[in-house]
Structure formats: structure tokens, C-alpha cells
J.: 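Pasting in a structure now, in C-alpha cells, and then I'll have a few things to ask.
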Amino acid sequence: MTFNNFLFVALPYIAIITFVIGSIQRYRATGFKVSSLSSQFLEGRKLYFGSMAFHWGILAVFMGHLITFLFPTATLAWNSNPVRLIVLEVMAFTFGLSILIGLTGLFLRRLSTPRIKMVTNRMDLIIELLLLSQVVLGCWIALGYRWGASWFASDLSPYLWSIVKLNPQIEAVSAMPPVIRTHIVGAFVIIGMIPFTRLMHFLVAPFHYIFRPLQLVMWTWDRRRVRDPKTVWTVHRPKNN
Amino acid sequence: MDIRSQISMVFHLDKCIGCHTCSVACKNIWTDRKGAEYMWWNNVETKPGTGYPTKWEDQSIYKGGWEKTDDGIALKGAGKQKGLLNIFHNPNMPMIDDYYEPFTYKYLDLIEAPAGDDQPTARPVSLITGKPIDIKMGPNWDDDLSGTQDYARNDPNLKNLSLAEQEAMFQLERMAFFYLPRICNHCLNPACVASCPSGAIYKRGEDGVVLINQNVCRAWRMCVTACPYKKSYYNWNTGKSEKCILCYPRIEAGLAPACMHSCVGRIRYLGVILYDADRIHEVASASDKDLIDKHMNILMNPFDPEVIASAKKNGIADSTIHAAQNSPTYKFVKKWKLALPLHAEFRTLPMLFYVPPLLPVMASLKEVNQSKQNEKLNPIAKVWDDNWLYDTSTEELWGTIAQARFPLKYLASLFSAGDEEKVKERLKKLMAVRIYRRFKTVGDIPEKKAHDVLKDVGYTPEMADEVYCLTSLAKFDDRFVIPAAHREQAIEMLEFTGDKKGSTGFGFKEETMERGL
Ligand code: SF4
Ligand code: SF4
């Protein structure tokens with residue numbers, strides 16, 4: 001039980017705290033390095049298949065996990081109709097496979113393309129391997145422990161919520177089969193590692209682009225604004241450099 | 001009217017000697033770093049040629065710039081929808097091989113190779129992988145028409161020329177070329193700014209310089225696609241895009257940018273232009289045939305009292321207005337109507353203008369009997385046995401067009417969105433000034449004829465002299481009229497000054513802001 005306590009109580013909190021504090025600190029200290037570090041410029045063809053399959057797949061699967069976690073009752077209601085449940089499961093599994101294929105491609109590309117090797121560091125490989133094993137476990141679970149969309153909602157969602165509510169209830173998870181437990185532990189390990197890896201880039205995904213005007217003009221010292229009597233006298237700090 | 005000021009440039013192509021001093025000056029200052037080896041923020045291309053990166057002008061490949069839509073304009077290969085959907089893989093992005101793989105040589109092998117039967121060699125190695133490579137392409141691979149079959153003949157600007165015209169152009173004895181130096185145009189409607197999902201690229205309000213904030217850039221790579229001139233470059237090492245910064249630290253200090261300062265041919269001019277920001281959208285979405293005229297019209301007359309009043313209202317300093325009145329770019333572009341923007345049809349409203357080259361157009365080829373001339377030569381002199389005469393005499397204002405070696409259509413496709421008349425008009429003016437100056441200095445042209453040609457193009461003798469002076473005699477301060485940056489106020493760019501007021505002497509130490517790259 002103590003070991004389970006460590007895995008399902010201590011680890012999640014360590015991971016979440018590391019993620020939050022680490023990301024903020026990384027952004028403040030070395031914000032310059034927070035970038036998607038695209039390597040498309042050096043190699044494009046293999047990236048196309050790998051990156052497309054991986055990113056769209058992980059977006060869908062991540063959203064699936066998130067929705068089930070946030071709205072377990074709604075998910076269960078949706079799943080009450082077997083046809084809808086099957087559709088959901090098949091879709092989730094397809095996206096899972098897509099991640100698996102894409103990520104494997106990306107991993108091999110990293111190892112085998114001389115140019116890409118030059119922009120690869122050890123952490124890139126570690127996190128790709130971690131993600132890869134996580135996806136393999138995920139697909140295994142989807143195949144071996146059918147109807148995950150439902151049991152996630154009924155068993156795992158309450159556990160995750162109990163963590164959020166600072167009152168961890170780990171009976172249900174402790175009783176899960178080892179594959180699922182490994183998958184959960186893996187998830188928290190990855191979350192905790194985000195600040196130390198290139199995964200940071202998803203935190204700066206450019207959604208604000210949708211809402212901003214296309215052109216951007218910045219004044220270091222906007223005389224018109226400064227001279228306008230209606231402008232409140234504040235310390236006006238330029239934002240552009 | 002919303003008057004803003006813009007630092008704008010003119011390159012006089014007749015004067016460019018293709019020495020690449022500008023490129024080297026820029027490279028030494030700004031791009032001599034890992035990941036930036038392949039970047040040439042300033043590059044000089046031979047035209048006709050495919051350029052750098054290969055075929056950059058062909059927007060069916062790279063999808064750069066804006067295109068006209070029913071209700072205005074839209075980015076061709078980027079923008080909110082396309083940009084975000086293609087963020088995981090950008091299908092229209094040029095790759096390193098479209099520029100060239102940067103390389104160096106293993107010079108140390110020359111001295112450190114062990115003694116042996118063979119001469120040691122310095123093998124080329126890639127600056128990306130460090131491994132030996134076979135060099136496939138390098139900067140200015142097609143300089144001076146080398147490899148014409150592969151490069152010059154694939155110039156995207158040739159597509160409007162008939163096959164016969166193209167053949168004529170590439171006949172060995174008719175072949176002509178000119179140089180096209182390029183830097184970022186610091187456009188009024190920059191596609192790079194509009195395409196950046198992070199909002200890292202911005203246009204400076206004070207002087208219109210377009211910059212990429214390196215701290216905000218996240219390598220979404222959309223600007224590389226969107227800039228139709230391919231003047232935004234991706235640094236594969238830092239994972240950030242970079243572009244020409246118009247040497248803004250120098251400009252703020254009142255110095256000319258490095259490329260312009262070092263220009264051997266003195267082809268470069270830089271000055272302030274006042275423009276009406278309210279009309280940018282209207283101009284950018286004009287029809288192809290109005291584009292050039294409207295582009296010229298958005299540039300305002302700095303002597304017009306209304307313009308001055310509006311400029312002052314916008315807080316433009318008197319010194320800047322004064323600089324605009326003395327601006328060499330204003331003279332070339334608006335007053336004398338000699339310069340044109342490059343590829344206006346990309347609709348970014350570039351603020352770098354070119355005086356089209358007269359020499360390759362004007363020179364004609366005649367077949368003449370040169371035997372008499374050859375007899376006069378010293379016996380050791382080299383005698384050519386062909387009978388071609390390369391003729392650049394300027395007696396007729398526009399007589400030689402039929403024999404001109406360079407099709408106007410080609411120049412029109414570069415500088416006037418295909419409108420030959422516009423290019424012709426400018427070339428005629430250049431020719432008229434030449435004829436007039438020949439009358440003055442050599443005197444073998446009658447006065448009436450010299451004045452007639454000027455009248456033909458709408459110049460007064462005084463104007464012609466002015467053009468001549470600024471073209472041929474201009475000193476540093478005439479070529480670069482840089483407005484004061486008002487550093488006494490610009491201290492605000494670096495430090496808090498506001499919190500001095502009312503502060504009691506206690507407080508937190510404020511770090512100086514980080515600047516620049
Ligand atoms: S030339 Fe290209 S990089 Fe420069 S401002 Fe225009 S669109 Fe942007
Ligand atoms: S330095 Fe001047 S003359 Fe030489 S290539 Fe550059 S623009 Fe042309």
C-alpha cells in the first residue's frame with residue numbers, strides 16, 4: 001500500500017507541482033528557448049508523415065482523455081448506447097494507432113537522418129521514448145481492456161478528481177491491472193517532465209492568432225499617445241524588446 | 001489622413017557592379033553564426049537567373065505574398081486558417097537545399113596531413129553535419145550567367161516572353177544581364193507580420209522597420225512562406241526566424257546600414273518617406289493595373305501643408321519632416337518618377353525601390369565591317385574576327401528599341417507588374433538625362449535636340465542636372481538622409497524614466513531592458 005501511495009498520491013502531486021512551477025520558471029529564465037524547434041527546414045518529407053500523424057492523433061486522444069476526465073457523467077450517458085460506445089472506441093483506437101505510427105516515424109527519423117541528428121539532444125530522445133511506451137501501453141489497454149471510455153469515466157475520473165480536491169482516493173486505481181497502472185504512472189512522469197523538454201511548446205500554442213488583427217505596429221515612444229491629454233500618466237514600458 | 005514616416009530605400013541598378021561587398025558587410029555583422037550561415041539578409045542576384053532561394057519569385061511553388069480575393073486580399077500560403085492548419089507541417093516552406101547547404105573546407109588538413117605520396121587537399125565539409133559533402137550549390141552559384149542552361153533559362157520572369165523572344169535573349173552574342181541586390185523591403189503591408197501566429201513580427205511605428213522579436217518567435221515558420229521575397233529566414237539552430245533589421249542600431253545612431261555604407265557602386269540611397277496609413281488596405285487590394293500608380297500615390301508630398309499638419313498631429317518630429325523633404329528616395333520615386341518597386345503584384349507594398357537598369361536595354365548590336373579598325377591595331381593586339389559592334393551611344397531617345405538586347409517585357413515583369421509602359425517611361429527619362437549631359441560635357445549633340453528630349457519626358461534642364469548630381473556626384477550625406485532618432489527621448493526605449501517622478505528614493509532596482517537579437 002505504501003508503494004501505491006507513492007505512485008498514486010505522491011507522484012501526481014510532485015508531477016503537477018513540478019509542471020506548474022517548472023514551466024513558469026523555465027519561461028521566465030530561458031524564455032528564448034521556448035520554441036517548437038521545428039526541424040522541417042532540414043528534412044521535410046519524413047516529417048510530413050510523422051508529424052501530421054502524431055500531432056493530430058495526440059490532439060484527438062488528449063481531448064478524449066480530458067473530456068472523459070472533466071465530464072464523466074456525460075461520457076457515460078453517451079456510452080449508454082452500445083453503437084455510440086463502439087464508434088467512440090474505434091475512433092480513439094484509430095487515433096492511438098496514428099500516434100503510434102507517427103511517433104515511431106519521428107523517432108526513426110531522429111535516429112537516422114544525419115542533419116536531424118545535429119539538432120537532437122538526449123532529452124529529445126528520452127521524451128520520445130517515454131511517449132512511445134505510453135502510446136504502446138495506451139493501445140494495449142484499448143485492445144486488452146475494452147470499453148475504456150466507460151471505465152475511465154466511472155473509475156479513473158473520480159480518482160483524478162480526488163487528486164484535484166486534495167483528498168486522494170486510491171482504492172480503485174490500486175486494484176487496476178498492472179498495464180493500466182503503468183499507463184497512469186507514465187502519464188504523471190511525462191507531465192512532470194514537460195518543463196525540462198521540448199514539449200514546452202504546446203504551452204505557447206498560438207491560439208491568440210485567431211483573435212488578433214493581422215498587422216502589428218509597435219511604437220517605442222508613441223508621441224501621439226503620450227501627448228494626448230486623455231492618456232493617463234502611467235509608467236509606460238515598451239513591450240517590443 | 002494618418003501620416004506615418006517610413007525609412008525607405010532606392011537602389012540604382014545601372015550603378016551596381018555586382019561586387020557583393022554589401023552582402024559580405026551584412027554577413028560579417030549579422031549572420032556569421034551557427035544556424036545562420038546560409039542566410040544572406042542582403043544578396044545580389046544576376047538577372048536573368050533563378051535567384052536565392054531558387055525560383056523565389058515563383059509563387060506557385062512558395063505561395064508567398066497576398067492574393068486578391070472578392071472582398072480584398074488574403075495571404076496566399078499562410079493566414080489564420082491555412083497557417084494554423086499547417087502548423088505541424090508547412091507544405092510551402094523552402095528547404096535548406098533550396099538555398100544551399102552551407103559548407104567550409106578542412107583547411108587544417110593542408111598542414112596537418114601526414115607525409116605521403118599525394119598532395120593534401122582541403123575537403124569541403126557541411127556546416128550542418130560536419131561531414132564531407134559534394135557541393136551542389138552555393139551563394140551566387142549562377143553569378144554572371146554561369147550555368148545559364150540551368151539557371152537563367154529557368155527565371156520565372158521569362159514566362160511572359162514568347163519562345164522566340166527567349167531564344168533571342170540567350171543568343172550568345174546578344175546575351176545581357178544585370179544585378180539585382182535585394183534586402184528586406186520593410187513593406188507597408190508586410191505578409192510576414194500578418195502570417196506570424198505568435199505575433200512576434202512587428203513594424204516599428206517610428207520608422208517602419210520590420211523586426212522579429214526573437215523572444216516571442218516559436219518557430220511556426222509561417223513568415224518564411226508568407227514573405228514573397230523570401231527575406232525571412234529560419235535559423236535551424238536556435239529555432240527562430242530572422243530577417244534584415246535594416247541595421248536599426250546604426251540608423252538610430254544616424255549611420256547608414258552596413259550594406260549601404262559599404263556599397264562600392266554607391267547605388268544605394270536611404271531616406272524618409274511620409275505615407276498615408278489609412279490607405280494601405282485600399283492600395284494593397286487595387287487591381288493589378290492600378291497597383292503601381294496607387295502605390296506611388298500613397299507616398300505623400302512632404303511639402304504639402306496638409307500633410308505636414310497631419311504628420312505633426314501624429315507626433316512626427318520636425319526633424320523627421322525635414323528629413324523627408326530632403327529625402328533622396330522621395331526625389332527618385334515621386335519627384336523624378338525614376339524608381340519602381342520590385343514585384344508590386346505581391347501586394348506587400350515594398351518600400352525598397354529600384355531605378356531600372358538602362359544599360360542592358362539601351363545597348364544595341366549591329367553587324368559592321370570592322371576590318372578597317374582592325375588594320376589600325378598594333379600587331380600584338382588581339383583581333384576579333386566577328387563583326388559585332390556593341391553600341392551604347394545615346395543619340396536617339398528611343399531609336400534603338402527594336403535592336404535592344406533586353407526585352408522590356410522582362411523588366412516589366414520585375415518592376416511594374418507587367419506594364420511595359422511604366423518601365424519604358426523611366427528608361428526614357430534616364431536616357432534623356434544622358435543625352436542632355438552629353439550635350440553639356442561632350443558637346444556633340446545640338447542644344448535643341450538635348451532640350452527636346454528633356455521636354456519629351458517632362459524634365460526641365462534643372463531637374464536633369466539634379467538627377468545627374470544625385471546619381472553621379474552625390475556625397476554620403478546626400479545619399480543617406482537619416483532622421484534623428486531623438487535619443488534624448490528614446491532613452492524611454494531603454495529605461496524607466498517615468499518612475500523618477502514622485503519617487504522618494506526607495507524602490508526596486510530596475511534592470512535595463514534587453515534589446516535586439
Ligand atoms: S520583404 Fe518580406 S520580410 Fe520584409 S517586410 Fe516585406 S514581407 Fe516582411
Ligand atoms: S556593394 Fe553595391 S555595387 Fe556592390 S554588389 Fe552590392 S549593391 Fe552592387
Side-chain angles (χ1 to χ4, degrees), chain A residues 31-45 47-56 59 102 113-119 198 201 204-228 233-241, chain B residues 4 75 79-80 83-84 87-91 93-96 126 128-131 189-190 193-199 201-206 211 213-215 217-221 224 234 236-240 277 280 313-317 486 489-490 492-493 496 498-499 513-516:
Chain A
F32 177 77
K33 292 188 187 161
V34 179
S35 157
S36 65
L37 295 172
S38 161
S39 55
Q40 187 190 348
F41 187 61
L42 300 176
E43 198 286 323
R45 244 193 87 71
L47 180 82
Y48 172 75
F49 295 105
S51 176
M52 286 296 219
F54 170 71
H55 278 105
W56 288 116
L59 262 183
T113 322
R115 283 179 184 171
I116 303 301
K117 271 196 224 161
M118 304 314 295
V119 289
R198 61 191 296 140
H201 75 267
V204 289
F207 294 114
H208 53 294
Y209 184 38
I210 302 170
F211 308 105
R212 80 165 165 91
L214 282 179
Q215 297 296 4
L216 209 61
V217 178
M218 281 198 195
W219 305 81
T220 7
W221 180 239
D222 187 349
R223 292 195 184 84
R224 178 167 49 165
R225 223 192 113 235
V226 174
R227 285 179 185 173
D228 186 351
W233 175 258
T234 54
V235 181
H236 146 84
R237 166 168 258 190
K239 287 259 171 48
N240 53 344
N241 47 32
Chain B
R4 290 190 196 156
L75 286 169
K80 297 192 175 181
L84 289 180
I87 207 154
F88 304 135
H89 179 276
N90 179 352
M93 185 183 164
M95 304 297 235
I96 182 84
S126 159
I128 298 178
T129 59
K131 304 250 162 50
N189 184 32
V193 175
S195 72
C196 176
S198 300
I201 316 184
Y202 61 99
K203 192 170 178 67
R204 293 217 297 196
E206 286 83 356
L211 295 173
N213 186 338
Q214 294 286 296
N215 277 331
C217 171
R218 313 266 181 235
W220 308 125
R221 320 170 297 291
V224 183
Y234 181 68
W236 54 267
N237 181 46
T238 57
K240 307 274 168 169
I280 293 177
K313 205 171 99 226
N314 275 2
I316 294 177
H486 287 290
Q489 293 174 6
E492 309 279 336
M493 297 181 198
F496 272 137
D499 61 355
M513 301 290 286
E514 275 174 46
R515 292 207 74 190

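Chain letters run A, B, ... following the sequence lines, proteins first, then strands; residues in each count from 1.
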J.: Of all of B:Asn90, B:Asn237, B:Thr238, which one pairs up most often with chain A through heavy atoms under 4.5 Å apart?
T.: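 Max contact count across the listed options: B:Asn90.
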J.: Checking B:Cys196 against chain A: side chain, backbone, both or neither under 4.5 Å from a heavy atom?
T.: both
J.: Of the backbone (N, CA, C, O) and the side chain (C-beta and beyond), which part of A:Ile116 lies under 4.5 Å from a heavy atom of chain B, both, or neither?
T.: neither
J.: Would a distance-only check, ignoring hydrogens and angles, find a side-chain to backbone donor-acceptor pair under 3.5 Å from A:Tyr209 to B:Gly83?
T.: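 Here the side-chain-to-backbone pair does not exist.
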J.: Of the backbone (N, CA, C, O) and the side chain (C-beta and beyond), which part of A:Val204 lies under 4.5 Å from a heavy atom of chain B, both, or neither?
T.: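 Both parts, backbone and side chain.
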J.: Parallel, tilted or perpendicular, judged at 30° and 60°: which one describes the rings of B:Phe88 and A:Trp56?
T.: perpendicular
J.: Between A:Leu214 and B:Lys80, is there a side-chain heavy-atom distance shorter than 4.5 Å?
T.: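 B:Lys80 reaches A:Leu214 side chain to side chain.
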J.: If you count heavy-atom pairs under 4.5 Å between each of B:Met93, B:Lys313, B:Lys203 and chain A, which one has the most?
T.: B:Lys203
J.: Could you check which of B:Ala219, B:Ala194, B:Pro190 has the highest count of heavy-atom pairs closer than 4.5 Å to chain A?
T.: B:Ala194
J.: Side chain, backbone, both or neither: which part of B:Ile128 has a heavy atom under 4.5 Å from chain A?
T.: both
J.: Below 4.5 Å from any heavy atom of chain A, which atoms of B:Lys240 appear? Answer side chain, backbone, both or neither.
T.: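 The side chain, not the backbone.
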J.: Which atoms of B:Ile280 are under 4.5 Å from chain A, going by heavy atoms: the side chain, the backbone, both sets, or neither?
T.: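 Neither part.
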J.: Name the option with the most non-hydrogen atom pairs under 4.5 Å to chain A; the candidates are B:Cys217, B:Pro94, B:Gly130, B:Gly79.
T.: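 Winner by heavy-atom pair count: B:Gly79.
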